[in-house]
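No hydrogens, no waters, no symmetry mates; every other heavy atom, side chains included, goes into these values.
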Protein chains: 2
Amino acid sequence: MVKVKEIAAAVGVSPSVVSAVLNGSRHVRMSEATRAQVLAKIEELGYTANFAARSLRTSRSGVLAVVAPKLSNPVFAPMFDGIHDAAEESGYVIMLAEATRLVDGSRMLERILGHGQVDGTILRPSSGIDSAGVRSVFRGQAPIVVLDEVPDLAQPWLAIDDVAAGRVATEHLLERGHTRIGYLGGWFHAHATFQPLEGFRHNNLRRLDGYQAALSAAGIEPRTDYVIETDYTAHAGREAVKQLTALRDRPTAIVVNNATTSIGLVGGAIAAGLRVPDDLAVIAIHDIDMLSEVSPAISAVRMPMYELGYTGTKLAAKAIDGETFESYVIKDPPPHILHRETT
Amino acid sequence: MVKVKEIAAAVGVSPSVVSAVLNGSRHVRMSEATRAQVLAKIEELGYTANFAARSLRTSRSGVLAVVAPKLSNPVFAPMFDGIHDAAEESGYVIMLAEATRLVDGSRMLERILGHGQVDGTILRPSSGIDSAGVRSVFRGQAPIVVLDEVPDLAQPWLAIDDVAAGRVATEHLLERGHTRIGYLGGWFHAHATFQPLEGFRHNNLRRLDGYQAALSAAGIEPRTDYVIETDYTAHAGREAVKQLTALRDRPTAIVVNNATTSIGLVGGAIAAGLRVPDDLAVIAIHDIDMLSEVSPAISAVRMPMYELGYTGTKLAAKAIDGETFESYVIKDPPPHILHRETT
DNA sequence: CTGAAAGCGCTTACAG
DNA sequence: CTGAAAGCGCTTACAG
């Protein structure tokens with residue numbers, strides 16, 4: 001393995017100069033010719049930096065830990081894209097972990113908690129995530145940026161506008177003449193696998209706020225039996241159809257706060273002989289590719305998940321550099337209705 | 001930050017002893033009482049190892065790079081679970097990268113290529129992945145395990161039994177009386193975004209082999225116009241319906257070599273007024289949760305993706321330790337038919 | 001058997 | 001302005 005010292009010897013300069021070339025440091029001055037020679041030698045000998053040595057010296061690892069509830073949830077795909085793009089731009093590499101895997105003694109948790117292995121952590125909390133492992137994350141040394149609204153937490157956060165999402169989805173149904181509008185959503189209450197972080201009003205509840213606000217604004221009294229609590233699976237959507245059809249004056253339209261669940265709901269409704277949207281209109285919060293490919297294609301509210309990931313990561317990079325910033329809700333772009341076949 | 005030296009001083013032993021306790025090294029002997037004291041002090045002072053220093057010394061980073069075509073593809077979810085479980089067991093932490101992000105100069109690629117940052121790489125090749133970036137991966141210093149069949153490549157590999165998958169899916173349709181059976185699959189040919197690695201016969205082609213073998217065994221002449229080339233999206237499945245219905249003596253059943261595409265295909269068929277399975281039967285290769293939740297629920301062949309990830313990672317850990325192993329196709333568990341509503 | 005000392009490969013404060 | 005030297009925090013070969 002070729003090292004700085006060898007490059008230096010080959011060119012006939014000191015290691016300091018090579019290091020300066022490598023890091024673009026202005027501290028050490030050198031002629032343009034020397035710089036070019038060093039660069040050529042680096043190329044020629046195929047030098048690659050030893051990050052362990054560099055980390056030890058600089059106490060920066062260049063690693064960002066990203067903790068999310070479920071990596072395979074398609075809703076997060078654009079968020080991860082945003083995280084990756086911003087990380088690359090800022091010179092970081094990403095270590096991904098699922099919250100449920102952050103059990104006591106896990107290697108990943110060890111790295112997050114340890115010193116110098118991870119420069120910062122980006123945490124997307126959610127149902128099932130607020131485990132002992134996630135709580136431990138807050139004991140870590142490095143800055144944390146939370147990608148959801150957690151006003152009471154000491155850590156800075158960034159969030160999408162969940163209240164607006166719930167409101168806009170409900171307004172879309174109101175505009176189509178519906179008055180009996182239900183709401184299907186993941187975990188509103190504490191739960192075996194969902195112990196909310198302090199100060200964390202779950203995004204499901206914020207979307208529910210928006211839903212209720214839209215109904216109230218339209219002069220409609222929200223009915224508690226129209227609000228059905230589920231988990232986040234497609235299966236839960238399918239199962240919910242039974243509860244819905246059993247209802248007196250059942251809703252003619254549903255806001256579903258999860259894209260995956262909306263697929264199960266529509267599937268279950270069709271299997272139960274309901275026509276969609278004639279017997280039951282459905283709109284999902286969050287858009288995923290598949291919603292436009294199933295039949296009928298499912299209407300959805302697109303949320304700025306890419307921006308959430310991108311901006312959150314940029315803010316994390318700032319936090320690592322010691323800058324502070326105000327937590328805020330992303331208002332731009334606003335939630336956007338994708339009107340398809342289920343409404 | 002507390003360090004080994006401080007623990008040693010606090011207990012009154014040398015750093016060597018603390019290090020030995022930390023690493024369970026038998027080299028340095030000590031009394032059980034000393035060991036207990038050291039452990040207690042580590043706990044008390046909240047010592048966490050500095051991985052950069054450890055890496056520099058041992059030239060092991062404890063990091064495994066995982067490169068896959070698309071992290072959000074639900075087909076890979078169980079594979080990643082297997083990788084995570086095995087990594088945790090073997091003491092590694094995972095760095096995930098999408099192949100398309102491994103462009104020249106990317107940080108992740110730099111780490112893979114560099115020395116000592118990544119102990120090994122697990123590469124799942126596929127369409128669109130065999131970019132210049134992926135080729136560069138093979139220039140890396142650390143061992144690579146490829147999670148697909150690449151007989152001509154120097155690197156060891158591990159694969160699921162794609163030929164059997166194609167065969168079993170086709171037999172399932174034959175058993176239901178179909179004789180006009182089509183095949184819908186991603187990229188069979190080289191392509192702007194798919195430049196196959198040397199010696200890499202794409203898994204799509206291997207599945208196609210199984211499909212053709214099953215037809216031949218049943219005395220049916222495979223028709224080339226029944227084989228439709230698509231990409232991996234749900235959208236491609238939806239579009240393929242047009243090609244299918246335009247066909248003379250169109251197929252009455254289709255093997256789709258991708259779960260996501262099968263959702264689009266069924267959606268498109270229904271939108272085109274075809275009854276599924278009466279007018280068109282569909283079976284997908286690879287099972288994902290959603291296939292059982294859409295309506296009609298889509299039949300599928302379940303492949304041992306968890307095992308692929310788990311065993312592949314264990315083999316990577318072995319390779320890092322200098323052991324060699326024979327590449328092989330996972331025969332157990334065999335492909336398993338999940339008979340649902342589309343067949 | 002145990003502790004002191006060397007050294008992994010960098011970067012940067014410091015002396016010349 | 002430039003190079004030599006120190007030191008980041010570990011682990012382990014070595015001397016005692």
In whole angstroms, the gap separating P of dG9(D) from CZ of R54(A) amounts to 18 Å

- Atom P, compared across dG7(D) and dG16(C): separation rounded to whole Å: 15 Å

Atom CD1 of I7(B) and atom C1' of dT11(D) are separated, to the nearest Å, by 16 Å

Should Y306(A) and D85(A) be marked as a side-chain hydrogen bond (donor to acceptor under 3.5 Å, both in side chains) after you check the CA-CA gap, both sets of side-chain angles, and the distance that decides it? CA-CA 10 Å; Y306(A) 179 91; D85(A) 287 347; 2.5 Å; yes

query: Ion pair present between K70(A) and D81(B), side-chain N to carboxylate O less than 4.0 angstrom?
result: no

The reported gap from OG in S55(A) to CD in Q117(A) (rounded to nearest 0.5 angstrom) is 9.5 Å

Under a 3.5 Å limit on both distances, the Watson-Crick or wobble mate of dA4(D) is none

Self-check item: Donor-acceptor contact present, side-chain E98(B) to main-chain L71(B), <3.5 Å
Solution: yes

Exercise for review: Using only side-chain N and O atoms of R57(A), determine if any of them is under 4.0 Å from OP1 or OP2 of dG9(C).
Suggested key: no

When rounded to whole Å, the CD1 to C1' distance for the pair I42(B) and dG9(D) reads 14 Å

Between CZ of F51(A) and C1' of dC10(D) the distance, given in whole Å, is 20 Å

Separation of dC10(D) atom P from N23(B) atom CG, nearest Å, is 11 Å

task: Kindly determine whether K314(A) and E89(A) satisfy salt bridge (Lys or Arg N to Asp or Glu O under 4.0 Å), including the steps that lead there.
output: CA-CA 9 Å; K314(A) 285 288 188 181; E89(A) 280 179 32; 2.9 Å; yes

Closest to the side chain of L22(B), out of dT11(D), dT11(C), dA4(C), is dT11(D)

When rounded to whole Å, the CZ to P distance for the pair R60(A) and dT11(C) reads 14 Å

Whole-Å distance, Q117(A) CD to dG9(D) P, equals 13 Å

Between G12(B) and A53(B), whichever has its closest DNA chain C nucleotide further toward 5' is G12(B)

Re dA13(D): Watson-Crick or G-U wobble partner, both distances kept under 3.5 Å, found to be none

query: Are OP1 or OP2 of dC8(C) and a side-chain N or O of N50(A) less than 4.0 angstrom apart?
result: no

Between OH of Y47(B) and P of dG9(D) the distance, given in whole Å, is 10 Å

